[in-house]
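All values below come from the heavy atoms of this structure, side chains included, with hydrogens, waters and symmetry mates left out. The structure presented is a predicted model; accordingly, all values stated were derived computationally and were not measured.
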Amino acid sequence: MTERRVRFTEGFFERLEVLLPEERGANGTPSVTDFIAFEVPAIRDRLAVDALGVTLPIGSPAVRVSVTSGVLLSRIAVYVRVDGEDVEVFDLDLDLDLELS
């Protein structure tokens with residue numbers, strides 16, 4: 001099985017900068033850099049291998065969502081468009097209710 005090409009749009013990173021701080025928070029909130037280093041590679045890999053299997057269609061037939069847990073955050077939703085062998089990740093939502101022990 002051939003992997004799909006996965007591309008994260010500028011809009012994805014702009015949204016990420018709105019949701020997460022530039023520096024790691026004192027309460028454990030991950031920074032933008034933390035998310036890129038720890039969450040993005042696994043998201044990319046999952047979408048590259050099985051974009052249609054790990055996403056669900058929503059609203060528009062062209063838009064799909066993948067809801068997953070990550071290393072730093074328990075709930076991550078990424079919104080994608082799948083076109084042939086390409087996957088475009090264009091938006092995300094994060095659950096930032098951190099339960100730190």
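Looking at V67, D95, I43, D93 one by one, the single match for side chain to side chain contact (heavy atoms under 4.5 Å, CB included) with I76 turns out to be I43. A side chain to side chain contact (heavy atoms under 4.5 Å, CB included) with T55 is found for exactly one of V78, L47, V65, namely L47. Of the candidates T33, T29, D34, D34 is the only one forming a side-chain hydrogen bond (donor to acceptor under 3.5 Å, both in side chains) with R24.
Screening residues 7-26 for ring-ring contact (aromatic ring centres under 6.0 Å, His included), with sequence neighbours left out, gives F8-F12. Within the structure, the ring-ring contact (aromatic ring centres under 6.0 Å, His included) test picks out no pair touching residues 34-91 (sequence neighbours left out).
Looking only at side-chain heavy atoms (C-beta outward), L52 and R4 come within less than 4.5 Å of each other. Using a 4.5 Å cut-off on side-chain heavy atoms (C-beta onward), V71 and E39 make contact. Counting heavy atoms from C-beta on, the side chains of E88 and D83 never come closer than 4.5 Å.
At least one donor-acceptor pair under 3.5 Å links the side chain of R15 to the backbone N or O of L92.
Linking ILVMFWY side-chain heavy atoms closer than 4.5 Å, directly or via other members, places V82 and V63 in two distinct hydrophobic clusters. Cluster annotation: V89 is connected to L16 through the hydrophobic network of ILVMFWY side chains, with a link wherever side-chain heavy atoms come within less than 4.5 Å.
When all heavy atoms of S74 and S69 are compared, the closest pair comes out as O-CB, 3.0 Å. Here the closest heavy-atom approach between residue L20 and residue P30 is recorded as CD2-O, 3.5 Å.
The side chain to side chain donor-acceptor pair (under 3.5 Å) search around R46 returns none, not counting sequence neighbours.
Rounding to the nearest 0.5 Å places CD1 of I58 at 10.0 Å from CZ of R64. Taken to the nearest 0.5 Å, the CD atom of E14 stands 12.0 Å off from the CG atom of L19.
Salt bridge annotation for D86-R81: absent, with no cationic side-chain nitrogen under 4.0 angstrom from a carboxylate oxygen.
Crowding of E85 atom CD: a count of heavy atoms from other residues, nucleotides or ligands under 6.0 Å exceeding 12.
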